[in-house]
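Predicted, not measured: the structure shown is a model, and the values here were computed from it. One is the number of the first residue; the rest follow in order along the sequence.
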Amino acid sequence: SSSAAASPSVHGQLVRTFHRACITIREVLCRRCMMEQADNQFSRQNSLRGVYEHGVLLQINPAAADKAAMVGRTAALTDKQRSAMAINYWVVGRLFREPVQREFYVCFQESMSQNVVELAFKLCFGAVT
């Protein structure tokens, strides 16, 4: 799986998909902000006030990403085998409204430890969380 993840075509597909996911997540987070401004139901707890998070699960299939190089090898594969080759990634976005609006997006393999993901957010936001 790690050799498939290192493939240039898989990397390109991941970057393009990550970009689209970030745009989608940003739209969701902005809608939530507007909802909060219109109705303060979401800001009952001061500790979570102004912090929003949204995630999307992506599935990158090396067979689809590298069709030219793998045509002969994947022609005989079933859909189930191709699905088993897929690599799952999460794209998670966080938006902090206070003290200054900031947002950050992290992409990681599904098997990544949650504390490593939190470390990535802490590196961006410091001790805000």
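- Taken together through direct or relayed side-chain contacts under 4.5 Å among Ile, Leu, Val, Met, Phe, Trp and Tyr, V15 and V10 form parts of separate hydrophobic clusters.
- Contact check for Y89 versus F18: no side-chain heavy atoms found under the 4.5 Å cut-off.
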What donor-acceptor contacts under 3.5 angstrom involve side-chain atoms of residues 23-30, with partners at least two apart or in another chain?
| from | atom 1 | to | atom 2 | distance (Å) |
| --- | --- | --- | --- | --- |
| T24 | OG1 | R20 | O | 3.1 |
| R26 | NE | E103 | OE1 | 2.9 |
| R26 | NE | E103 | OE2 | 3.1 |
| R26 | NH2 | E103 | OE2 | 3.1 |

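- What you find for F104 and A120 is that their closest heavy atoms are CE2-O, 3.6 Å.
- Atoms CE and CZ, from M34 and R31 in turn, are 7.5 Å apart once rounded to the nearest 0.5 Å.
- Within the model, atoms CD of E110 and CG of L58 stand 10.5 Å from one another, a figure rounded to the nearest 0.5 Å.
- With sequence neighbours excluded, the residues forming a side chain to side chain contact (heavy atoms under 4.5 Å, CB included) with C33 are Y52, L95, R97, listed by chain and number.
- At a threshold of 4.5 Å between non-hydrogen side-chain atoms, the residues V92 and F121 count as touching.
- For the salt bridge (Lys or Arg N to Asp or Glu O under 4.0 Å) condition, the pairs that include at least one residue of residues 52-62, sequence neighbours left out, are E53-R94.
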